[in-house]
Amino acid sequence: MHSRARDALEALGVALVLPVLGRVSPGRHLILAYHNVVPDDHVVGGEPSIHLSLSAFRRQLDLLTETHRLVPLDRILGVGVVGTRDRLASVTFDDAYRGALELALPELLSRGLPATVFVAPRLLGAPAFWWDALCSGGATALDDETREHALDTLAGDGGEIQMWARETGRSLEVSFEWERPGTLDELQRVAHHPMVTLGPHSWSHPNLTRLDDTRLAEEVERPLAWLRENFAACVVPIFAYPYGLSSRTVEDAVRRAGYEAGLRVEGGLVPPRIADPFLLPRVNVPAGLSPSGFKLRVAGLLAG
């Protein structure tokens, strides 16, 4: 759909639907899934859908705080959520991008708002994530065939994917500034703040559904131990599945590793009563979302 037509439909939806929704369904809660935030004048070179401009992020926080009370992630998952008439929201970031650590978190903290960052420790300080490196100039997202081969055949393994890319003559751009993984020093600078919590995002960000039992156990156990060793005071035992991909085998492994919950990257609003804490939904926030689209998404009315 053309962006102008889409924006007009979203604005109409906000005008007609949200006032009714606000009257009849209080107590709707959500976990927002972000990836990265970049300066407004930054030209995105990687996957375009996950690098949100700072001004857009600020506008979204303005809108969010009009309708929701932002709380730490474990508050959303706690027993206290049941029965409350407040609309609660938690902000999360996957991958610990530099822009998330150095731009998004300071913006949240300056407003007194909490956030959780999900970290794959093996990738801290790496030149780039494979999905950004494979995007040519950021003009378009990865094509479906490339993404499927990387996630399924190559199990989302960054090393295997980059080797395959070189063997097949694909360009690997790694000179990113704001789109690279954060470093350990950058993570440490924000993790000391009492409103920041950290959670595991696997050890090296593979597709967990494609791993054997031994490597699966390592990918879910090792990052929690590492985070507790390096950031004991701010670690939450909540796991974010890489790429949002999970299975019963993966969920069982996460449960055995001592986690209390597992998060998808999509799925909508958190239900009032959580049936399976290892399949919790989030509301994904892509770059390019209009203000009306954002309002519909956080109300649970727009999935993609």
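All values derive from a computational prediction rather than experimental measurement.
For the pair Arg210 (side chain) and Asp152 (backbone), a donor-acceptor distance under 3.5 Å is present. Between the side chain of Asp157 and the backbone N or O of Pro206, no donor-acceptor pair lies under 3.5 Å. At least one donor-acceptor pair closer than 3.5 Å links the side chain of Arg282 to the backbone N or O of Arg264. The backbone N or O of Val71 sits less than 3.5 Å from a side-chain atom of Ser90, completing a donor-acceptor pair. A distance-only check finds no donor-acceptor pair linking the side chain of Asn207 to the backbone of Pro242 [under 3.5 Å].
Residues Ile238 and Leu280 fail the side-chain proximity criterion, which asks for heavy atoms closer than 4.5 Å. Taking 4.5 Å as the limit, every side-chain heavy atom of Arg75 sits out of range of all side-chain heavy atoms of Pro114. Counting heavy atoms from C-beta on, the side chains of Pro277 and Glu260 never come closer than 4.5 Å. Within the 4.5 Å cutoff, no side-chain heavy atoms of Asp95 are placed close to those of Pro181. A 4.5 Å side-chain heavy-atom check between Glu221 and Arg256 finds every atom pair outside the cut-off. Counting heavy atoms from C-beta outward, Arg215 and Ser204 have side chains that approach closer than 4.5 Å. Glu186 places none of its side-chain heavy atoms less than 4.5 Å from the side chain of Leu105. Side-chain contact check for Phe57 versus Asn36: every heavy-atom pair is 4.5 Å or farther apart.
Note: His51 and Tyr97 have perpendicular aromatic rings, judged against thresholds of 30 and 60 degrees for the angle between ring planes. Note on ring orientation: taking the six-membered ring where Trp is involved, the planes of His201 and His205 are perpendicular (angle over 60°, cut-offs 30° and 60°).
Applying the 6.0 Å contact sphere to CD of Glu148 captures no more than 12 heavy atoms from other residues, nucleotides or ligands. Atom CG of Asp144 is surrounded by 12 or fewer heavy atoms from other residues, nucleotides or ligands within 6.0 Å. The local environment of CZ in Arg255 is crowded, with over 12 non-hydrogen atoms from other residues, nucleotides or ligands closer than 6.0 Å.
Nearest heavy-atom pair, Leu134 versus Ala165, reported as atom, atom and distance to 0.1 Å: CD2-CB, 3.7 Å. Closest of all the heavy-atom pairs between Pro200 and Phe118 is O-CD2, 3.5 Å. Among all heavy-atom pairs drawn from Ile31 and Pro281, the shortest one is CD1-O, 4.0 Å. Residues Pro121 and Val119 share a closest heavy-atom pair of CD-O, 3.3 Å. Across all their heavy atoms, Ala115 and Leu108 have their closest contact at CB-CD1, 3.7 Å. Summarising the geometry of Phe93 relative to Ala100, their closest heavy-atom pair is CD2-CB, 3.9 Å, with the distance given to 0.1 Å.
We find the CG-OG distance between Leu208 and Ser247 to be 8.5 Å, quoted to the nearest 0.5 Å. Between atom OG of residue Ser292 and atom CZ of residue Arg297 there is a gap of 13.0 Å, rounded to the nearest 0.5 Å. Taking OG from Ser202 and OH from Tyr243, the interatomic distance works out to 8.0 Å, rounded to the nearest 0.5 Å. To the nearest 0.5 Å, atoms CD (Glu102) and CG (Leu187) are separated by 11.0 Å. Taken to the nearest 0.5 Å, the CG atom of Leu70 stands 7.5 Å off from the OG1 atom of Thr65. Interatomic distance, CG of Leu64 versus CG of Leu32, reported as 5.5 Å (0.5 Å rounding).
Remark: Arg111 engages Asp62, Glu107 in a salt bridge (charged side-chain N to carboxylate O under 4.0 Å, His left out) (not counting sequence neighbours). Residues that satisfy the ring pair (Phe, Tyr, Trp, His ring centres under 6.0 Å) test with Tyr241, not counting sequence neighbours, are Phe239.
Hydrophobic clustering of Ile, Leu, Val, Met, Phe, Trp and Tyr side chains at less than 4.5 Å, counting indirect connections, keeps Leu269 apart from Leu279. At a threshold of 4.5 Å between side-chain heavy atoms, the hydrophobic network of Ile, Leu, Val, Met, Phe, Trp and Tyr places Leu211 and Met163 in two separate groups. Val265 and Val236 fall into different hydrophobic clusters, where Ile, Leu, Val, Met, Phe, Trp and Tyr side chains are chained together by heavy-atom contacts under 4.5 Å. In the hydrophobic cluster analysis, where Ile, Leu, Val, Met, Phe, Trp and Tyr join through side-chain heavy atoms closer than 4.5 angstrom, Leu103 is grouped together with Leu101.
For the residue pair Thr116 / Thr92, no side-chain donor-acceptor distance below 3.5 Å is found, with atom types taken as modelled.
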Would you sort out whether Glu47 and Glu179 count as a side-chain contact (heavy atoms from CB on, under 4.5 Å), showing the intermediate values? CA-CA 9 Å; Glu47 178 73 38; Glu179 299 159 52; over 6 Å; no
Criterion side-chain contact (heavy atoms from CB on, under 4.5 Å) on Trp131 and Thr146, from CA distance to verdict: CA-CA 10 Å; Trp131 52 87; Thr146 298; over 6 Å; no
Would you sort out whether Leu124 and Trp226 count as a side-chain contact (heavy atoms from CB on, under 4.5 Å), showing the intermediate values? CA-CA 12 Å; Leu124 288 173; Trp226 185 89; 3.7 Å; yes
Take Val250 and Leu245, measure what side-chain contact (heavy atoms from CB on, under 4.5 Å) needs, and give me the verdict at the end. CA-CA 9 Å; Val250 171; Leu245 300 174; over 6 Å; no
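Phe278 and Tyr259 have their aromatic ring centers separated by at least 6.0 angstrom.
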